[in-house]
Structures are given as structure tokens and as C-alpha cells.
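First the structure, in the form of C-alpha cells, and then the observations on it.
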Amino acid sequence: KSKFMAQRVNWIQGKPPSLNFRAQIKIRYRAPLAWGQLEVVEQGKTLICLDEPLGDITPGQAAVFYQGDEVLGGGIIQ
């Protein structure tokens, strides 16, 4: 899949960097980081559009958003 929705998103700074931004995304603990575009669609929900599709996106798992070494936040894959 090349896009998915994350719900119950929690931002470390209390709010996202902006409503539409690029970041690295991790969908599993041992998975490599993947680049993508994040769009905050409503409070607690973010649409993630990956640059390259991933085959192991699983509802109920966590998605964590990074900029470099900084954790921006994360949510649950819908």
C-alpha cells in the first residue's frame, strides 16, 4: 500500500509541525524508515502517503513519525 490513515495520533510537541509536511515513517519496530507526506485531516487523524509502497502495513499497529532523530509523534494504523 502507498497510503494509510493513522488514528489516535499523539504529537510530542502537543501539535503537528504543520497540517501538511514530509517526514520519515516507521510502521514496525525493526522496519526501516520510509519517507512520506503527512496530512492532518482532523483532530487525531493523519493521512500518510508513502513515497514507495510497503507491503506490511497492518491495522492496529503503531506508526511513528520522525524528522531525523526527533520523534514527532505517532498513531494507530487504521
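Index from 1, following the sequence.
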Pairwise side-chain contact, Asn20 with Gln37, heavy-atom cut-off 4.5 Å (strictly under) | yes
Minimum heavy-atom distance Ile27-Gln61, with the two atoms named | O-CB, 4.3 Å
How close do Leu38 and Ala23 get, heavy atom to heavy atom, and via which atoms?
-> CD1-CB, 3.9 Å
Answer whether the closest heavy-atom distance between the side chains of Glu52 and Trp35 falls below 4.5 Å.
-> no
Any link between Val64 and Leu33 through a network of hydrophobic side chains (Ile, Leu, Val, Met, Phe, Trp, Tyr) touching at under 4.5 Å?
-> yes
Correct closest heavy-atom pair for Thr46 and Ile48 would be O-CD1, 3.4 Å
Residue pair Tyr66 / Leu72, side-chain heavy-atom distance below 4.5 Å | no
Any donor-acceptor N/O pair, Arg28 side chain to Asp56 backbone, under 3.5 Å | yes
Expected output: side-chain Lys26 to main-chain Tyr29 donor-acceptor under 3.5 Å = yes
Walk me through it: do Gln78 and Lys45 pass the test side chain to side chain contact (heavy atoms under 4.5 Å, CB included)?
-> CA-CA 10 Å; Gln78 257 184 311; Lys45 287 192 177 185; 3.9 Å; yes
Work out which heavy atom in Ile25 is nearest to a heavy atom in Phe65; give both atom names and the distance.
-> CG1-CD2, 4.1 Å
Lys3 side, atom NZ; Ile57 side, atom CD1 - distance, nearest 0.5 Å = 11.5 Å
Is Trp11 reachable from Val71 through a run of I, L, V, M, F, W or Y residues, each pair having side-chain heavy atoms under 4.5 Å apart?
-> no
Please list, chain by chain and in numerical order, all residues satisfying salt bridge (Lys or Arg N to Asp or Glu O under 4.0 Å) with Arg22, sequence neighbours excluded.
-> Asp51
Going hydrophobic residue to hydrophobic residue with side-chain gaps under 4.5 angstrom, can you get from Ile12 over to Val9?
-> no
Heavy-atom closest contact (Val40 atom, Ser18 atom, distance) | CG2-O, 4.1 Å
Beyond-backbone contact of Thr58 with Ile77, side-chain heavy atoms, under 4.5 angstrom = no
Provide the closest heavy-atom pair for Leu47 versus Met5 in the form atom of the first, atom of the second, distance.
-> N-SD, 3.8 Å
